[in-house]
Each structure stands twice: as C-alpha cells, then as structure tokens.
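Each chain gets a letter, A, B and so on, in the order the sequences are listed, and its residues count up from 1.
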2 protein chains.
Amino acid sequence: MGKQETEMLKGTLEGIVLALLSGRSAHGYEITAWLRERGFPDIAEGTVYALLIRVEQRGLVDVDKVPSDKGPPRKVYSLNDGGRAHLEEFWRTWSFLQERIEQLREGDS
Amino acid sequence: MGKQETEMLKGTLEGIVLALLSGRSAHGYEITAWLRERGFPDIAEGTVYALLIRVEQRGLVDVDKVPSDKGPPRKVYSLNDGGRAHLEEFWRTWSFLQERIEQLREGDS
DNA sequence: ACCGGTACATAGTAACGCTGAATAGTCCCC
DNA sequence: GGGGACTATTCAGCGTTACTATGTACCGGT
C-alpha cells in the first residue's frame, strides 16, 4: 500500500469499520474480506484484528462468540450505543475535514 | 483538539501544507497562523515546523533563509517540482479515500 | 497424514501529530 | 533599561495508529 494511503487511513479506518458494523454485525475475517473487495485490497489482517480489539476494549462494540463449521470460533462484532455515538462523531469530524480540504482545493488564496 | 481529528490529520496535514505552498511561498510561523485562521485553530507550532523539516528532507520544497525585521531569520519554503508531483499524488489518494467513504455513508449494504 | 482455506492473535517497527519547553531576536511601554 | 509581547525556530519525549511477520487453531478433501 502506498505510504500516503497508509497514513491517511490513520483515524479513518476505525470509522470505516464502525460504519460497516452499523449496517450489520460481522466477524473479523469477514470485515477484512469486505474491505478488500471495496477499495482497500491491501488491508492487512493483523490491522483489522488489532482495530477490533481496540474498539472492543473501548466499549464501542459488543462481541458474540459463535462456533464456526470451518475454523476456530468466530467473534461476531456488533455496534452498540457507544459505538453509534462514536460513529456520529466520526462523521462530523470527517465532514469538517472534508470541507476544509475541499476549500483548499478550489479557491487558493 | 479532539483525538479523532488528531488522528485524521495524520497523512492529510502534509497535503494541506503542500497545497498551501502551491499557492505561494511562506515561512513556518506564517503557515501556522494561516492554518489557525482557516479551520485548524489548535494546530501546534511544533507540528508545523516538524512537518516542514520533513518535507524539506524529502526534497519536496526549496528553502530560502531571509532576515526578518522582527525576530530571527525566516525560513521561507516554496514548492518545487518534486513537491508538486507529491501534491498531485496526495489529491489522487484523497479523492480515492473520499469516494470510498462517501459510498459507505450512503448506500449501506 | 498432509495441505489449503478459514479465523484469530501478537510482538515489533515506523510514521505522525501533540505537549512542553528552550532559545533568540525585535519592538514598545513604563 | 527592564519587563513583557510578538515573531520565529528547534527539540525531546509521548501516545496512537497501521504494517510486517509470525504463530495458533480448526476443518475438509485428497
């Protein structure tokens, strides 16, 4: 992955994953696959798992451990109220940054 | 500054500053003031100077040391060809990320 | 018994922005 | 002429994040 993209993902990847989970619950492997399909083909597995553990410890998601018919048991994550609040905050921050940068792009002064 | 914003700035602040410099040359203190006026009131001075040193070492900007009538000599930065190329790459990466996230925001699947 | 695919975990590294402080020069007012 | 305000740069140390690389575990097919 380009270094620039890597750095830009910092702070946004978490929002991306939370936004995903706001649609439906999912487990780590599934999330990784999803990301790889939609524009982030080089996302490392380790990155996603680390992120999930982080948001779990912060209480933004609930975890349900369900046995799988192929492989070790899955940890299914779902967004809870704290996570939804955090996601809203993410959208606000993102919109703010986006506006600032869009202004920069157009009218240079 | 909110932690979320801090993290989101990683990777974008550099682009923001390069975009600034594409309009006109400037020195560190001036850039900091400019940022504070336009939506980033809490930017730390140290952050800007560190960033400038970084882009200088990467050869993205040219530096001109000019004496000031008030205070120590200024280091005036201007974007060079390498910097312009890097800036274009920044815009590409940014647009890419923006599209992905915008899709996420609307059609949740 | 082996291998590939599924699923999760972790240690170590590098990059980035922030905090807080130090240093230095100029100007102005008391 | 001493102290404060403003201009201007630099640096050490910190926390957070994503990546790399590796390891563990479970299953099915051959």
From CA spacing to verdict: side-chain contact (heavy atoms from CB on, under 4.5 Å), A:Arg24, A:Glu30: CA-CA 11 Å; A:Arg24 51 173 160 75; A:Glu30 199 179 350; 4.0 Å; yes
- prompt: Is there a side-chain contact (heavy atoms from CB on, under 4.5 Å) between A:Leu97 and B:Leu9 once you walk through the steps?
  reply: CA-CA 8 Å; A:Leu97 186 61; B:Leu9 274 181; 4.0 Å; yes
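B:Ile31 has its CD1 atom 16 Å from the C1' atom of C:dG17, to the nearest Å. Atom C1' of nucleotide C:dG17 and atom CD of B:Glu14 are separated by 12 Å, given to the nearest angstrom. In this structure, CD of A:Glu5 is placed 9 Å from P of D:dC19, rounded to the nearest angstrom. When the P atom of D:dT7 is taken as reference, atom OH of B:Tyr29 falls 4 Å away, rounded to whole Å. Counting to the nearest Å, the P atom of D:dT7 and the CZ atom of B:Arg36 are 11 Å from each other. Taking atom CD of A:Gln4 as the reference point, atom C1' of C:dA15 lies 13 Å away to the nearest angstrom. In this structure, B:Leu9 atom CG and C:dA15 atom C1' are separated by 15 Å, rounded to whole Å.
Taking only side-chain atoms of A:Thr6, from C-beta outward, the nucleotide of D:dT16, D:dA8, D:dC19 with the closest atom is D:dC19. The side chain of B:Glu7 has D:dT17 as its nearest neighbour among C:dC8, D:dT9, D:dT17.
A:Ser95 meets the side-chain contact (heavy atoms from CB on, under 4.5 Å) test with B:Arg105; sequence neighbours excluded.
Proximity of residues 41-58 of chain B to DNA chain D (heavy atom under 4.0 angstrom from any strand atom) is restricted to B:Glu45, B:Gly46, B:Tyr49. Contacts between residues 64-84 of chain B and DNA chain C, counted as heavy-atom distances below 4.0 Å, involve B:Asp69, B:Lys70, B:Gly71, B:Pro72.
Between A:Lys3 and A:Gly28, the residue anchored closer to the 5' end of DNA chain C is A:Gly28, taking for each the nucleotide with the nearest heavy atom.
For the atom pair CD of A:Glu56 and CG of A:Asn80, the computed distance is 10.5 Å after rounding to the nearest 0.5 Å. Rounding to the nearest 0.5 Å gives a distance of 10.0 Å between CG of B:Leu60 and CG of B:Leu87.
Side-chain contact between A:Lys75 and A:His27 is absent, with no heavy atoms from C-beta onward closer than 4.5 Å. When side chains are defined from C-beta on, B:Gln4 counts as touching A:His86, because their heavy atoms get closer than 4.5 Å. A:Glu14 has its side chain within reach of A:Arg58: a pair of non-hydrogen atoms, C-beta onward, lies under 4.5 Å apart.
Within 3.5 Å, no donor on the side chain of A:Lys10 pairs with an acceptor on the base of D:dT16, nor the reverse.
Cation-pi geometry between B:Arg100 and B:Phe96 is met: under 6.0 angstrom from the ring centre, within 45 degrees of the axis.
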